[in-house]
Each structure stands twice: as C-alpha cells, then as structure tokens.
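All remarks here apply to the structure that follows.
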There are 2 protein chains.
Amino acid sequence: MARSMHVRRPATLASLAAELGVSRTTVSNAYNRPDQLSPELRRRVLETARRLGYPGPDPVARSLRTRKAGAVGLLLTENLSYAFRDPAAIGFLEGLALACEDAGTGLLLVPANPEREDVAAVHRAGVDGFVVYSVPDDDPHLAAVLERPVPTVVCDQPDLGNVDRVGIDDQAAMHALAQHLISLGHRRVGVVCMRLARDRNDDFVTPDRQQAAHFHVQRARLAGLAQAFATVGVDWATVPVAERFDHTMASGASAAAQVLERDPQITALICTSDILALGAMAELQRRGLRVPVDITVTGFDGIREAEQAGLTTVRQPVLEKGRAAGKLLLDSAERTRPRAVTLSTELVQGITAAPPRGTAEERWFGP
Amino acid sequence: MARSMHVRRPATLASLAAELGVSRTTVSNAYNRPDQLSPELRRRVLETARRLGYPGPDPVARSLRTRKAGAVGLLLTENLSYAFRDPAAIGFLEGLALACEDAGTGLLLVPANPEREDVAAVHRAGVDGFVVYSVPDDDPHLAAVLERPVPTVVCDQPDLGNVDRVGIDDQAAMHALAQHLISLGHRRVGVVCMRLARDRNDDFVTPDRQQAAHFHVQRARLAGLAQAFATVGVDWATVPVAERFDHTMASGASAAAQVLERDPQITALICTSDILALGAMAELQRRGLRVPVDITVTGFDGIREAEQAGLTTVRQPVLEKGRAAGKLLLDSAERTRPRAVTLSTELVQGITAAPPRGTAEERWFGP
DNA sequence: AATTGGTTCTGAACCGTTACGGTCACTTCA
DNA sequence: TGAAGTGACCGTAACGGTTCAGAACCAATT
C-alpha cells in the first residue's frame, strides 16, 4: 500500500465531498453529527477520509465558523518561564489548569514579554477568554486584553470597573499580620517588597512610590502595613522599605541586607512574599542573627517551602485562586457582571516571629 | 462621551472599510503593512477603528488565511494539572516556555484526559505543531497528534520512525547507576518504578510487563538495570520490582514497603524517579532503617528536592529538554527530518548510596 | 512624447469550515 | 387516499481575514 506520492494540496472537507459525490455538509456531519446521516454513508466518508489522508475538519476553520476557539488565554506579564519558577504562580496555574481540564478547554500561555511592549501576541491569541494574573495595572498587555471582545477575568488586580475579578483582601490580610507583630511588641520594623512598577528600582521606596505602586497586590499589602502601624503611632515614612525587581531568594537576601544597613535596630523584617522572606532569613543567618530571637521575619503566600521553614506568614489559597478564575471565565452563564470572588486568607503563626528582645512590657514601661 | 449603546454586531474589517469608503485591503494593510498606505490614511483608519470599537483583525480568521496559529500545543497525557505538580515536568515546561517565548509563540496546554479516550481536544487545537511529553506509546492522543498534518516533536518516547525526538539515553544512564551500585557491592536489590502502562497496577511487575512497558522511559531504565545486573550474574526475574501508578512520594513509600516485605534482605532500593525515592526514604526512616548504612537508595531525575536530600541519582537536564523540544519544533528550517536530540546525563553521587553492610570483599570471599 | 518608476489603493480569489433553511423520498396514520 | 411525519441529504451564505496582480496617478527620466 504505497503512500500517495503527490500530497500536493492536503485534502479538505470539500475535496473529500467531491470525491464522494456528496455535499460538504454531509462530510461535516459525518464528523460532528453522526445522527444526521446513515451509518453506512458515514462509514464510507470516514474510510475515504483515511484513504485520502484527510485529517478531519481543520480546527482553525472550525473556530472561525463556530466562533469558539476552545481555549482560554493566560496573560502574565513576566518572562513566560517565570510562571514555572514561582511556587505561588505554579499553584495558580495548577488551579487554572484544573478548571480548564474540567471544561475540556485548552490553556494558552500568551507570550507577553514585559521588556518589549509588544502587544501583538495578545492580538494573535485565538482564545475564548483571558485570565490575567498579577500584572501591573498600567501594563499595555492588560490594556490590549481588555480591548479584545472576549470575557476576561483578572486576578490580583484592582477593581477595573466592569471586569470579573478574583483575589484576596491583601490589605486586610497584611493588616492582620501587622497587628500580630504589633501585639508581640514590634514597633521598629523594616520591609522588603516585590517590584512596585514596571521600572526597576532595587532600592528603598518613598511613600509616594508605595502609594502609586502599579502592582495592586504589593500596594495593598504595604497599605495594610502602614495602616496598622499608624494606629500605634509609627510614622510610616521613617520605615525602611526595600524594593526588589526580581522575585528571588537572592533578592530577599540583598534587600534584607540593605534594610539592616539602614536601620540595624529593627526588631522585625516584614517581607511581602515568602520567597523574599526565605532569602532574607538566609541573609540573617549569614550575619549570625537568630530568628526569631534576634529578629522576627514574616512572609506572605504560604508556599510549601515556607511551611517547612516554619515561617510566620499569611496563607492564601493560590490553587483555589486559579481554579476560581477559570470557573468564572468558563461558567459564562453570564450572571450579573462584573462578578468578584474574594478568597479568604489565614494567618500562619510559624516560629519566625516572637516578641522583640526587649519585651513589650519592658518597652512600654521602660527600663 | 457616551458609549455606543447598540454594539449589535461587532465591527469587522469589512464594516470599517465601508465606513471609511476604502477597500478591505487597505484596512488590512493599516494593521499589517503600514508602509503600504499613506500615514494620513492609516491614522484615519486607526482612529475610526477606535471610534467603532473595532478590536483589530480577528486572530482566528487571520490564522485561517495565513495558516499560522502562532502557538504550539503541548500534549501530556495526564491530568493537565499534574504537570504543575511534578518538578521534572515543571522544569520541562519551563524550558519549553522559554523556547516559545524566544520565538514569540504561544504555548497551548491541550487537555488530554487519560481516563476518557477523548481525542477531540487534539483535533480542536489550533496550533502550528505539537510537543508530546512522556506519554505511553500506545496512547490514542499521541496517535491523534501524529495524524495531524503539523510538525511534531516527541520527548521521552521511543523512536517513532519519522518524528523529531528529544530525550536522554535512559537505558545507558540507568546502566551506569547500576554499575555504580554493583561496584559498591550490591547484588540483592529491589526496584520501585513508575507506571508502565495505562492500566493501574500497584503491585509487583513481571519481567514480561517490564519489557512490554508502554512508557518508553520506564522500560529503558528497567532494561538498563537488568542488563547491568545480568553481567554480575543476577537473575533479574528474581528481583522484586514494584510498580506504582501515581507518581507521588506516598507511592514511593508504599512501594518500598511492599518490596521490603517481599525481600527484607535487599541492600539497595533503586527507584526510577527522585519523587519515588524520596517517598521510599521516608518509609525507610519510618521503619528505623538508616540510609545508607542499612540500605542504599537511589533515584532518577536530579530534581532540587533530591539534591537537598543528598540523594544518589542521575541528573538529567529537564529544562534543556523542554527548550530543545521547543527549538526543534520552531526552528523548522526543515533540515533532514527526522532529527533527534539526545541530551547527556550525569551520575550524582549523593550520600544515600554506600557499600552494603557486608562489604563487597566479605560477600565475594565469604565469612 | 514616450518610458520608467514609485506610491497608493483596489478587486477578486481564497482559507476550510459550519449554520440555516430547505428538498425529497418514503413511511405512518386516520 | 391524503395529510402529516420522519430520516437523509443538500445549497447557499456566511465566518473575517490576507494576498496578489494590477489600476490609477503623478513625477522624473530618456
């Protein structure tokens, strides 16, 4: 059975129909609606298809006609590979993948390079909807997504007005964590946070920049901190807040060093992510500082590595976040839009937070 | 500026052209070939587009015409979310994502549920090519992919004849590991391996099943072991090999228990993945067995967790594997096909392998 | 005066399907 | 016997673009 040597133009539904002497509709039905034609004819169609090497209806043409792509796009403005490096992002992806799987939908990772402002990839994506995960609110890719006439769910974003949203109450969660530290007696603290905007600023952050941060999550967490500490009279403007563009343990370490250099007297180092916190702890250890005896460290996210390290942190349901985002997008039963899902968080009291060396009492009543 | 209340039918390139009194070609050019029309007209086109809420050329229609989807599909027959759970798979994904990113291509995760034999998702995927990662060689999804008239790269698969391939020499790598154990003096060993076929068999494996395994990687690794131990006179049929369907630490633990129950005298437990090995070690610890004093344990993959645990294993470049697969698919400079990339591995001598209690000499020359 | 060349825009063909609204022959039922 | 179904299949019209070979125009060159 020699294979046809002249597969010039690959077979199409039309050519197959012509070969069979039936209409294109019938061939289409053979694939999509078996009940619309006799089993015998269907058998013939499929057999001829095999003989002609027709691989079945072209997915793109079908998508055009049916106006369904069978996939949702995921936009995360980061080097695409970043998503596979950050445990929280992985958890989110897993949840989203689960939701897609349940719906039999594909998940398209859109290559949105944060460096180039090349929005073309967003335009090129043949998807039925978008999930946008943690991008700066002034990101051009986000703007491009919102211009596409497909449903969109944003995650960890500020309220965009008329777009579905999934997230947690970052500000309240961080406020709660701060109060925990306050109740332990901490008043003089330092902060390490992730990038606040698209420009790189591996340095201290002015209050202005904090409030104008384009990453909603970071802005909210810092706001929660400032708010909580304001209630006990801490002037937030005096608190050293070190920002790092890259979200790595190395960043956490260097930021911790920077903060300690600025104010060696701090009793607690608050990090806006577990990764940063773990890096900070490594740096502290390097300096011979014992956690939590000499200094308290906290994180945010509740990743597994943090749990193993006994980090005091805020656990957020990252997997659920992804799953909720997917469900929101796919359960397009078009309820009242926009919809918003706010998931709950949990304060994890690990072993990295303790009262400062001078206890709370000592501090209040003096030596 | 009130928003148009009757966005009945969304604007199309044609309606935009009509509105402007120009041809569709011109509108198309305004988006795709700015040099083909006067800047002034282009400006008008774009402005009118904004006014009419035209979101730019429809990606699907464009794909149909240009025969380019701008995405590659990834098939891994597992619950889609599994990919985000297994460190090796994550590494592969990261590498693949990197390659896609470089090429400005999207990455579509195809939902291929291994339970249902629903191949429709493969047919529905609008992609320019496929990467197939570690699926059983008799998987219907794989067959469906191969029928699609797009380039395909398989990873960790047997040679499929005329399909590009990326992988490592699993058999040789495992053979080397086995020889290391042999040189340490191990002769009586047990094995824990991942699933060998699509059916669940959480039990011992017959030599037949080993040789007929549908997962190329596992088959090759077991073959490497058998081959190496045969050279020192070990009858492989007597070696307990426990298979586990789920790739989790819990599986590794239960399989280790099963093997030890069958033959408590083994001096080494060889696992075909790090995850299984880590689970096995947990079980051994639970039983009060010291590694490597009482028993040697080895893994395969070289994931980070294994490194931290000091596991003796084979490191394979998972990230490079993904990247190579992507490159092969995207650098479709159509060289001589099929092409094959075999990456190198490295024996990692950790601290979990040591000579058996009775040294090699004692064993050879008897007490 | 005719030719050449460049820019700007157009017409028509094509990409491969599926949705929609039929037609037609053949029962079935009163 | 005629009306009403029913099952099997078909024709046409989209779906929303891109592409290619020109047309029309104008300026510059021969």
Side-chain angles (χ1 to χ4, degrees), chain A residues 8-46 48-49 52-70 120 123-128 148-150, chain B residues 8-46 48-49 52-70 120 123-128 148-150:
Chain A
R8 278 286 142 269
R9 298 185 69 72
T12 74
L13 190 142
S15 67
L16 185 53
E19 171 84 14
L20 282 157
V22 302
S23 77
R24 304 207 299 276
T25 303
T26 300
V27 177
S28 176
N29 284 337
Y31 285 95
N32 305 316
R33 300 194 179 123
D35 58 317
Q36 293 294 304
L37 68 169
S38 63
E40 159 59 13
L41 178 54
R42 180 170 135 91
R43 201 193 50 68
R44 267 181 58 220
V45 171
L46 264 34
T48 308
L52 263 52
Y54 175 64
D58 179 281
V60 175
R62 166 185 283 162
S63 285
L64 173 60
R65 185 63 242 232
T66 61
R67 321 219 43 88
K68 284 253 141 275
H123 290 140
R124 227 185 299 274
V127 296
D128 300 324
R148 289 277 306 265
V150 294
Chain B
R8 278 285 145 269
R9 295 186 72 70
T12 75
L13 187 141
S15 67
L16 186 51
E19 172 85 12
L20 282 157
V22 302
S23 76
R24 308 210 308 280
T25 303
T26 299
V27 177
S28 177
N29 284 336
Y31 285 95
N32 304 317
R33 299 185 182 150
D35 58 316
Q36 293 294 304
L37 65 159
S38 64
E40 159 59 13
L41 178 54
R42 181 169 133 91
R43 200 192 51 67
R44 266 181 59 219
V45 171
L46 264 35
T48 308
L52 263 52
Y54 176 64
D58 180 281
V60 176
R62 165 184 285 162
S63 285
L64 174 60
R65 183 63 237 236
T66 61
R67 319 230 41 110
K68 283 256 141 271
H123 290 140
R124 225 186 301 273
V127 295
D128 300 324
R148 288 277 305 264
V150 294

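Note on naming: letters A, B, ... go to the chains in the order of the sequence lines (proteins, then strands), and numbering restarts at 1 for each one.
- For residues 11-22 of chain B, every residue pair satisfying the salt bridge (Lys or Arg N to Asp or Glu O under 4.0 Å) rule, not counting sequence neighbours, is listed here: E19(B)-R51(B).
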Exercise for the section: Could you run through nucleotides 18-28 of chain D and give me one letter per nucleotide, 5' to 3': B if any protein heavy atom sits under 4.0 Å from the base, S if only the sugar-phosphate is that close, - if neither? Expected result: BBB--------
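- Contact between the side-chain N/O atoms of S23(B) and the OP1/OP2 oxygens of dT10(C) is found at a separation under 4.0 Å.
- A14(A) meets the side-chain contact (heavy atoms from CB on, under 4.5 Å) test with T12(A), R24(A); sequence neighbours excluded.
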Every protein N/O lying under 3.5 Å from an N/O of nucleotides 5-7 of chain C:
none

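- Nearest-nucleotide positions on DNA chain C for R67(B) and G21(B) put G21(B) closer to the 5' end.
- Annotation: side chain to side chain donor-acceptor pair (under 3.5 Å) contacts of T26(A) (sequence neighbours excluded): S23(A).
- For the pair D58(A) CG and dT18(C) P, the computed distance is 9 Å after rounding to whole Å.
- The two atoms that bring A11(B) and Y54(B) nearest to each other are O-CD1, 3.3 Å, heavy atoms only.
- In plain terms, the two heavy atoms of L64(B) and V60(A) that are nearest each other are N-CG1, 3.4 Å.
- Within the nucleic acid shown, V60(B) has no heavy atom closer than 4.0 Å to any nucleic acid atom.
- If you measure from atom CG of L64(B) to atom P of dA14(D), you get 17 Å, rounded to the nearest angstrom.
- Taking side-chain N and O atoms only, T26(B) has no distance below 4.0 Å to OP1 or OP2 of dC9(C).
- Under the side-chain contact (heavy atoms from CB on, under 4.5 Å) criterion, A18(A) pairs with no residue, sequence neighbours left out.
- The nearest whole Å value for the distance from the OH atom in Y54(A) to the C1' atom in dG16(C) is 8 Å.
- A heavy atom closer than 4.0 Å to some atom of DNA chain D occurs in no member of residues 34-43 of chain B.
- Under the side chain to side chain donor-acceptor pair (under 3.5 Å) criterion, S28(A) pairs with N32(A), sequence neighbours left out.
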Just list the side-chain donor-acceptor pairs under 3.5 Å for residues 34-44 of chain A, sequence neighbours left out, or say none.
from	atom 1	to	atom 2	distance (Å)
S38(A)	OG	L41(A)	N	3.3
R42(A)	NH1	A30(A)	O	2.3

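- If one axis is set at each end of the helix from dA1(C)-dT30(D) to dA30(C)-dT1(D) from five pairs, those axes are 50° apart, to 10°.
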Practice task
Determine, stepwise, if the pair D128(B) / V150(B) fulfils side chain to side chain contact (heavy atoms under 4.5 Å, CB included).
Solution key: CA-CA 6 Å; D128(B) 300 324; V150(B) 294; 5.9 Å; no
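- Following rounding to the nearest Å, L20(B) (CG) and dC9(C) (C1') show an atom-to-atom distance of 13 Å.
- Contact between Y31(B) and A49(B) at its shortest, heavy atoms only, is OH-CB, 3.2 Å.
- The shortest heavy-atom contact between R148(A) and H123(A) is NH1-O, 3.6 Å.
- Note on residues 55-66 of chain A: pairs passing salt bridge (Lys or Arg N to Asp or Glu O under 4.0 Å), not counting sequence neighbours, are D58(A)-R67(B).
- When all heavy atoms are compared, the tightest approach of G126(A) to A69(A) is O-CB, 3.2 Å.
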